[in-house]
J.: 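Sending over a structure as structure tokens; questions will come in a sec.
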Amino acid sequence: MRQKGGRASWINAGFILPGLLLLIVFHTYPLISGFVYSLTDWNGVARSFDFIGLDNYVSLLTDARILNTLLFTFKYALVCAVIANVVALAAALALNRKMRFRNMLRSIYFLPSVLGLLIIGYIWREIFGKVIPLLGNSLHISFLQSNLLSDSDLVFWAVALVTVWQSAPLLLVIYLAGLQTIPTDLYEAASIDGANRFNEFAKITLPLIMPSITICFVLAMKNNLMVYDLLVALTGGGPGFSTESVTMLIYNVGILNNRYAYGLASSILLFIIILLTALLQVVLLRRKEVQL
Amino acid sequence: MKSNRYANWAIQLLVWLGAGLMLFPLYLTVTVALKKPGEGGNIMTFPKEIYFGNFKQAVELGRYFEGLLNSTFITVISLFLIILFGASTAYGISRSHSKSSRLLYYFFISGMFVPFQVLMLPLLKQISAVGLLNKYGVILLYTTYSLFQSVFLYTGYLKSIPKELEEAAQVDGYGPFRLFWKIIFPLLKPMTATLIILNTIWIWNDFLLPLVMLSDPGEYTLPLLQYVFQTQYSTDFSLAFASYLLVMLPILLVYSGLQKYIINGIVSGAVK
């Protein structure tokens, strides 16, 4: 018997099965086994291990280094996502005006999004090591005269600068696409009603690009929470552990230090954080969206 | 409206300053890479004479062509499998109308919330047990982790293809697999192009997955080689920057030719 769509269901299964197999073997299974082993004291090599319940999680959340890493990752993700979105939206508003070379400017601005984060990190490391101190010396700005990356107070902002530089371009182009869907007659009507520039932005532009803001903010948060390459290249997690991200922690603890189950528990924690942040953002930001 | 014109000029100026800031790291890379080591002077000034020796050294010391070959192999084979698996999975899901196919769809999409980092440790045990800690294992993982996005994008696109087309082809005696390959797959071309762009940039630049998966240094990709050679580069900046430029070069060349398509592809992938 054939279905309404015109063919037997075993044929559809034939199309789906290879992909489904990959997903289960390399995605679902490791997720489940990772969770199960995070409840044990296995070191990754020994033949035997015991189930210790949530002990790994409890010791994670009472370990000062881990708490610092969690806090840094979350603060980094949030601060960089907010700044990158503000910068990207401002730049998109500027680039949305009629101007010469607009397409060329868009291509220039977008460039950092196609380059690899590791190489970007290495190049910026030299900028912090060589160019900025030079600038600090000639302008007599004392805090710029030494390498910002080895200053444990300022390293956060140095890393944030590079993150914004790298992540804002993609957001900028998404905002630009969002701005171009707003009908121009809305602005004409507003200016007839005597609205000023600020009112136009607050009452027309902002509500109508709320969907773009939701997308951009969720995207930036997710990417920032997973950060690894950029920090490896810029700081290696230092000075001390001041810029260690959760992904670095998973790698360092689980692979380099052989505290396997402990590393697994950090992985599950990262998963929970990413999931909760994504859900929270969608709920909070979706409320503010309007439809034309 | 004089104040308006000043505001306009100020915005123009800011926009061009911003563009300068976006290009500055690239400018620095090019100038340092072209400088003779030990030329001295300010790091930001243009080289007194253009010197290509750094590139020659970077190619030899940094095993550039080996890395280029490995990166290209992994990227191209992965792309081929990504498109094949993505399109066929999405096609199967979109053409069956049972409840379970709807469930399967969400099962695929939800994978997006579990990044590689989370799976990394158990996955490594599992993969080393079957002896896949090599480039083939890397390719399999890229194929798997691209499925969430490709199934999502292809399924959305497949909805717009009319059923009548397939029914007509069936009347003409097309079997299901020939129908997919000859009729449906060519129609998916715009989505295929988007997915090729998104995944090329991801795989070419990716660092963590090859770092943990590749055990043989002969299989190292370009970013991984940069990481491995950091101690050598730390003493010779001209060599380091020449090497960075060489790694970025393929992407820069492709980008300068296809910017419009690349930007649109990445944006549509991110927004949907």
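What you are looking at is a predicted structure, and each value in this text was computed from that prediction instead of being measured. Numbered from 1 within each chain, the chains take letters A, B, ... in sequence-line order.
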J.: Can you tell me how far CD1 of Ile119(A) sits from CZ of Phe241(B), rounded to the nearest 0.5 angstrom?
T.: 10.5 Å
J.: For the rings on Phe26(A) and Tyr145(B), is their centre-to-centre separation under 6.0 Å?
T.: no
J.: Taking Asn264(B), Ile127(B), Leu123(B), Val212(B) one by one, which has the highest count of heavy-atom pairs under 4.5 Å against chain A?
T.: Leu123(B)
J.: Would you say Asn8(B) and Arg97(A) make side-chain contact, with heavy atoms under 4.5 Å?
T.: yes
J.: If you take all heavy atoms of Pro122(B) and Gly34(A), which pair is closest and at what distance?
T.: CG-CA, 3.8 Å
J.: Under a 4.5 Å heavy-atom cut-off, does chain B meet the side chain of Val232(A), its backbone, both or neither?
T.: side chain
J.: Just wondering, do Leu115(A) and Tyr244(B) contact through their side chains at under 4.5 Å, heavy atoms?
T.: no
J.: To the closest 0.5 Å, what do you measure between CD1 (Ile123(A)) and CZ (Phe24(B))?
T.: 11.0 Å
J.: So which part of Leu134(A) gets closer than 4.5 Å to some heavy atom of chain B, the side chain, the backbone, both or neither?
T.: side chain
J.: Select one option (side chain, backbone, both, neither) describing which atoms of Leu21(A) are under 4.5 Å from chain B's heavy atoms.
T.: neither
J.: Given side chains that start at C-beta, do those of Leu23(A) and Phe107(B) come closer than 4.5 Å, heavy atoms only?
T.: yes
J.: Should we say atom OH of Tyr29(A) is surrounded by more than 12 heavy atoms from elsewhere, each under 6.0 Å from it?
T.: no
J.: Below 4.5 Å, heavy-atom pairs only: which of Gly116(A), Gly14(A), Pro30(A) has the largest tally toward chain B?
T.: Pro30(A)
J.: Output the option from Leu176(A), Thr28(A), Leu17(A), Val87(A) having the highest count of non-hydrogen pairs under 4.5 Å with chain B.
T.: Thr28(A)
J.: Only counting residues at least two apart or in another chain, list the ones meeting ring-ring contact (aromatic ring centres under 6.0 Å, His included) with Phe85(B).
T.: none
J.: Counting only non-hydrogen atoms closer than 4.5 Å, does Ser113(A) touch chain B with its backbone (N, CA, C, O), its side chain (CB onward), both, or neither?
T.: backbone
J.: Ala94(A) and Ile11(B): which non-hydrogen atoms are nearest, and at how many Å?
T.: CB-CG2, 3.8 Å
J.: Within the structure provided, determine whether Pro18(A) and Thr89(B) are in side-chain contact (heavy-atom separation under 4.5 Å).
T.: no
J.: Minimum heavy-atom separation for Leu118(A) to Pro223(B), with atom names?
T.: CD2-O, 3.3 Å
J.: Closest heavy-atom contact between Pro176(B) and Ile11(A)?
T.: CB-CG2, 3.5 Å
J.: Inspect the surroundings of OH in Tyr27(B) and state if more than 12 heavy atoms from other residues, nucleotides or ligands are less than 6.0 Å away.
T.: yes
J.: Working to the nearest 0.5 angstrom, can you tell me the gap between Ser107(A) OG and Leu258(B) CG?
T.: 11.0 Å
J.: Let's go through Leu140(B) and Val25(A) carefully: what are the C-alpha distance in whole Å and the side-chain angles of both, what is the deciding distance for side-chain contact (heavy atoms from CB on, under 4.5 Å) to 0.1 Å, and is it a yes or a no?
T.: CA-CA 11 Å; Leu140(B) 275 177; Val25(A) 172; over 6 Å; no
J.: Using a cut-off of 6.0 Å, state whether more than 12 heavy atoms not belonging to Tyr136(B) lie near its atom OH.
T.: no
J.: Could you tell me the separation between the CG atom of Asn12(A) and the CD1 atom of Ile93(B), rounded to the nearest 0.5 Å?
T.: 10.0 Å
J.: Is it the side chain or the backbone of Pro112(A) that comes within 4.5 Å of chain B heavy atoms, both, or neither?
T.: side chain
J.: Mind ranking Leu147(B), Leu208(B), Ile201(B), Ile251(B) by heavy-atom pairs under 4.5 Å with chain A and telling me who comes out on top?
T.: Leu208(B)
J.: How far apart are the closest heavy atoms of Met120(B) and Ile250(A), and which atoms are they?
T.: CE-CG2, 3.7 Å
J.: Between chain B and each of Val131(A), Leu275(A), Val246(A), count heavy-atom pairs under 4.5 Å; write down the option with the most.
T.: Val131(A)
J.: Identify the heavy atoms of Leu105(A) and Val15(B) that sit nearest to each other, and give their distance.
T.: CD1-CG1, 3.6 Å
J.: The criterion is side-chain contact (heavy atoms from CB on, under 4.5 Å); which residues satisfy it with Pro115(B), sequence neighbours excluded?
T.: Met226(A), Ile274(A), Gln117(B), Val118(B)
J.: Let me know if Leu222(B) has heavy atoms under 4.5 Å from chain A in its side chain, its backbone, both or neither.
T.: neither
J.: For Val114(A) and Trp204(B), run side-chain contact (heavy atoms from CB on, under 4.5 Å): C-alpha distance rounded to whole Å, both residues' side-chain angles, the deciding distance at 0.1 Å, then the answer.
T.: CA-CA 10 Å; Val114(A) 297; Trp204(B) 189 267; over 6 Å; no
J.: Could you measure the distance from the OG1 atom of Thr247(A) to the CZ atom of Phe116(B)? Nearest 0.5 Å is fine.
T.: 10.5 Å
J.: What I'd like to find out is whether the side chain of Met22(B) reaches to under 4.5 Å of the side chain of Leu111(A), using heavy atoms alone.
T.: no
J.: Does Phe177(B), at its CZ atom, have more than 12 non-hydrogen atoms belonging to other residues, nucleotides or ligands within less than 6.0 Å?
T.: yes
J.: Using a cut-off of under 4.5 Å for heavy-atom pairs, which of Tyr233(B), Trp202(B), Phe148(B) has the most such pairs with chain A?
T.: Phe148(B)
J.: Considering only heavy atoms and a distance below 4.5 Å, find which of Leu117(A), Leu219(A), Ile127(A) pairs most often with chain B.
T.: Ile127(A)
J.: Do Pro25(B) and Ile120(A) touch side chain to side chain, with heavy atoms closer than 4.5 Å?
T.: no
J.: Quick one: sort the Tyr91(B) and Phe15(A) rings into parallel, tilted or perpendicular, breaks at 30° and 60°.
T.: perpendicular
J.: Test the Lys125(B)-Tyr260(A) pair against the cation-pi criterion, namely NZ or CZ under 6.0 angstrom from the six-membered ring centroid and within 45° of the ring axis.
T.: yes
J.: Check whether Met248(A) gets within reach of chain B through its side chain, its backbone, both or neither, counting any heavy atom under 4.5 Å.
T.: neither
J.: With chain A, which of Thr143(B), Leu21(B), Val254(B) has the greatest number of heavy-atom pairs at distances under 4.5 Å?
T.: Leu21(B)
J.: Is Ile16(A) in contact with chain B via its backbone, its side chain, both, or neither, using a 4.5 Å heavy-atom distance?
T.: both
J.: If you count heavy-atom pairs within less than 4.5 Å of chain B, which of Tyr122(A), Tyr37(A), Tyr228(A) leads?
T.: Tyr122(A)
J.: Does the pair Trp124(A) and Leu28(B) meet the rule for a side-chain contact (heavy atoms from CB on, under 4.5 Å), with working shown?
T.: CA-CA 10 Å; Trp124(A) 274 93; Leu28(B) 191 76; over 6 Å; no
J.: Could you walk me through whether Ser267(A) and Leu121(B) satisfy the side-chain contact (heavy atoms from CB on, under 4.5 Å) test, starting with their C-alpha distance in whole Å, then the side-chain angles of each, then the deciding distance to 0.1 Å, before giving a yes or no?
T.: CA-CA 8 Å; Ser267(A) 316; Leu121(B) 297 180; 4.2 Å; yes
J.: Is Tyr255(B) in contact with chain A via its backbone, its side chain, both, or neither, using a 4.5 Å heavy-atom distance?
T.: side chain
J.: Kindly indicate whether the side chain of Gln259(B), heavy atoms from C-beta on, has any atom under 4.5 Å from the side chain of Met104(A).
T.: no
J.: Answer with side chain, backbone, both or neither: which region of Ile108(A) has an atom nearer than 4.5 Å to a non-hydrogen atom of chain B?
T.: both
J.: Output the distance between atom CZ (Arg100(A)) and atom CD (Gln12(B)), rounded to the nearest 0.5 Å.
T.: 9.0 Å
